[in-house]
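Below is one structure; the comments refer to it alone.
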Amino acid sequence: MKGLVCFEFGPIDTLAIGDLPDPVPGPGEVVIDVHAAGVNFPDVLIVQGRYQFRPERPFAPGGEVAGVISAIGPGVEGFEAGDRVAAVTLWGGFAEKAVAKASQTLKLPASIDDVVASGLFLTYATAIHALKDRAVIQPSETLLVLGAAGGVGLAAVEIGVALGATVIAAASSEEKLELARRHGATHTINYGQEDLRARLKELTGGRGVDVVFDPVGGDLAEPALRSIAWEGRFLVVGFAAGEIPKLPLNLVLLKGCQVVGVFWGSFAERTPERNRANLAQLIAWYEAGQIRPHVANAYPLEDAVLALREVQERRVQGKLVVTVGGG
Ligand SMILES: NC(=O)c1ccc[n+]([C@@H]2O[C@H](COP(=O)([O-])OP(=O)(O)OC[C@H]3O[C@@H](n4cnc5c(N)ncnc54)[C@H](OP(=O)(O)O)[C@@H]3O)[C@@H](O)[C@H]2O)c1
């Protein structure tokens, strides 16, 4: 089958369209004819060998897909060939066929098309897990989202609003903030130009924010933590800026706050039934019009490297998707 192949870990420019063996489903697995695959920041790290796991080479990147089941492994119940599904694959999605665990696969209602579905699960599932399960955010609370126009950031904006919070979106450009406003943010901060702490103090009347959602890290984490309210929760989601921040623990003591780790992949692996409940909630919100995933662009498989470059160079707003075959 055709795929975007990573022969050896390295820069994304070393990826090339090539042949890979057709995947065979193992116990508990399904094979999906891929129609569309979501592009995520971790894809860029995985092909460089800089992520939490390192696939055997050669492999195709691509952590989430939508398509149709074409083969079922031993022991799989509840799915059959021909089912329209979305699944988390971790890698392998930028190819004509991908293998996924049945436990990480969900049937799709007709209301969601392949392009939207392929970009819905990873980012939105991370954001709902972070805000609902980890922060236990309450309707009256304020939520600061850093990198608010990125994949997980924009998902956090929408889910924060769906859960009744007042959302303050922070990002590096006016264009990105406008997108966050269109997706429900009440207030915005341009951290490329404005002082994050001063603006948060102003916006919250000195009280601070209840929940910080941080997929960026770097220099933003500490000022965000300094701006947290009493008993606030600081969600450690990712380090898109490249630098893993070191936080002064005296701040955690003084603010009576919590620094809370978010590792959605491990959550979905350890407690698949809780993850599926979250995915069902996302689909219900989608059907009710409460979340509207922003797909900025869809690239054919042949141009998948261009999509990865857009992500690496910080240019994406919302999601990019790669379309494959019939997608
Ligand atoms: N914990 C989990 O379970 C989990 C799950 C999924 C993803 N993640 C992590 O979350 C982070 C964001 O993922 P994503 O898919 O949302 O990425 P994305 O769409 O590329 O968004 C990342 C955002 O970070 C900001 N940023 C700041 N410095 C950057 C830099 N040097 N390069 C790129 N972006 C930079 C950008 O916003 P501004 O330009 O506005 O600053 C960008 O919009 C990644 O670190 C990813 O690994 C974690």
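Since the structure is predicted, the reported quantities are computational estimates derived from the model, not experimental observations. As the structure lists them, so they are numbered: ligands from 1, and atoms in each ligand from 1.
Between Phe53 and Trp91, the two ring planes are tilted [angle within 30° to 60°].
The distance from ligand 1 to the heavy atoms of Val311 drops below 4.0 Å at these ligand atoms: 20 (O). Near Ala171, with a cut-off below 4.0 Å to any heavy atom, the atoms of ligand 1 are 40 (O). Residue Ser172 has at least one heavy-atom neighbour below 4.0 Å for each of these atoms of ligand 1: 38 (P), 39 (O), 40 (O), 41 (O). Contact atoms of ligand 1 toward Phe263: 3 (O) (distance under 4.0 Å to a heavy atom of the residue).
Ligand 1 has no nitrogen or oxygen under 3.5 angstrom from a nitrogen or oxygen of Gly147. The shortest N or O to N or O distance between Phe239 and ligand 1 is under 3.5 Å. At least one N or O atom of Val262 sits closer than 3.5 Å to an N or O atom of ligand 1. Any N or O atom pair closer than 3.5 Å counts here, and Thr123 shares no such pair with ligand 1.
If you check each of Gly238, Ala148, Gly150 against atom 43 (O) of ligand 1, the one with the closest non-hydrogen atom is Gly150. Nearest residue to atom 4 (C) of ligand 1 from Leu235, Val236, Val237 is Val237 (criterion: closest heavy atom). For atom 3 (O) of ligand 1, the nearest non-hydrogen atom from the set Phe41, Trp264, Tyr51 comes from Trp264.
What sits closest to atom 31 (N) of ligand 1 on the protein, heavy atoms only, is Ala240 O, 3.5 Å. Considering only non-hydrogen protein atoms, atom 5 (C) of ligand 1 sits nearest to Thr126 OG1, 3.2 Å. Of all protein heavy atoms, the one closest to atom 37 (O) of ligand 1 is Lys176 NZ, 3.7 Å. The single protein non-hydrogen atom nearest to atom 25 (C) of ligand 1 is Val216 CG2, 3.9 Å, given as residue, atom name and distance. Among protein heavy atoms, atom 19 (O) of ligand 1 sits closest to Gly151 N, 2.7 Å.
Just one of Leu203, Val161, Thr186 meets the side-chain contact (heavy atoms from CB on, under 4.5 Å) condition when paired with Thr166; it is Thr186. Partner of Ser118 under the side-chain contact (heavy atoms from CB on, under 4.5 Å) criterion, chosen from Asp113, Val321, Val34: Val321.
Although no hydrogens or angles enter the test, the distance criterion places a donor-acceptor pair under 3.5 Å between the side chain of Thr89 and the main chain of Gly63. Put simply, the side chain of Glu64 gets close to the backbone of Leu122: a donor and an acceptor are under 3.5 Å apart. Remark: the backbone N or O of Ala66 is not paired with any side-chain donor or acceptor of Asp114 at under 3.5 angstrom. Arg276 places a side-chain N or O within 3.5 Å of a backbone atom of Thr105 that can act as its donor or acceptor partner. A donor-acceptor contact shorter than 3.5 Å is absent between the side chain of Glu231 and the backbone of Ala229.
Counting non-hydrogen atoms of neighbouring residues, nucleotides and ligands closer than 6.0 angstrom, the CZ atom of Arg270 reaches no more than 12 such neighbours.
Within the 4.0 Å heavy-atom criterion, both parts of Val152, backbone and side chain, lie near ligand 1. Only the side chain of Tyr191 comes within 4.0 Å of ligand 1, counting heavy atoms alone; its backbone N, CA, C and O stay farther away.
Salt-bridge formation is detected for the pair Lys2/Glu302: a Lys NZ or Arg NE/NH1/NH2 atom is positioned less than 4.0 Å from an Asp or Glu carboxylate oxygen.
Distances shorter than 4.0 angstrom occur between a heavy atom of Pro42 and an atom of ligand 1.
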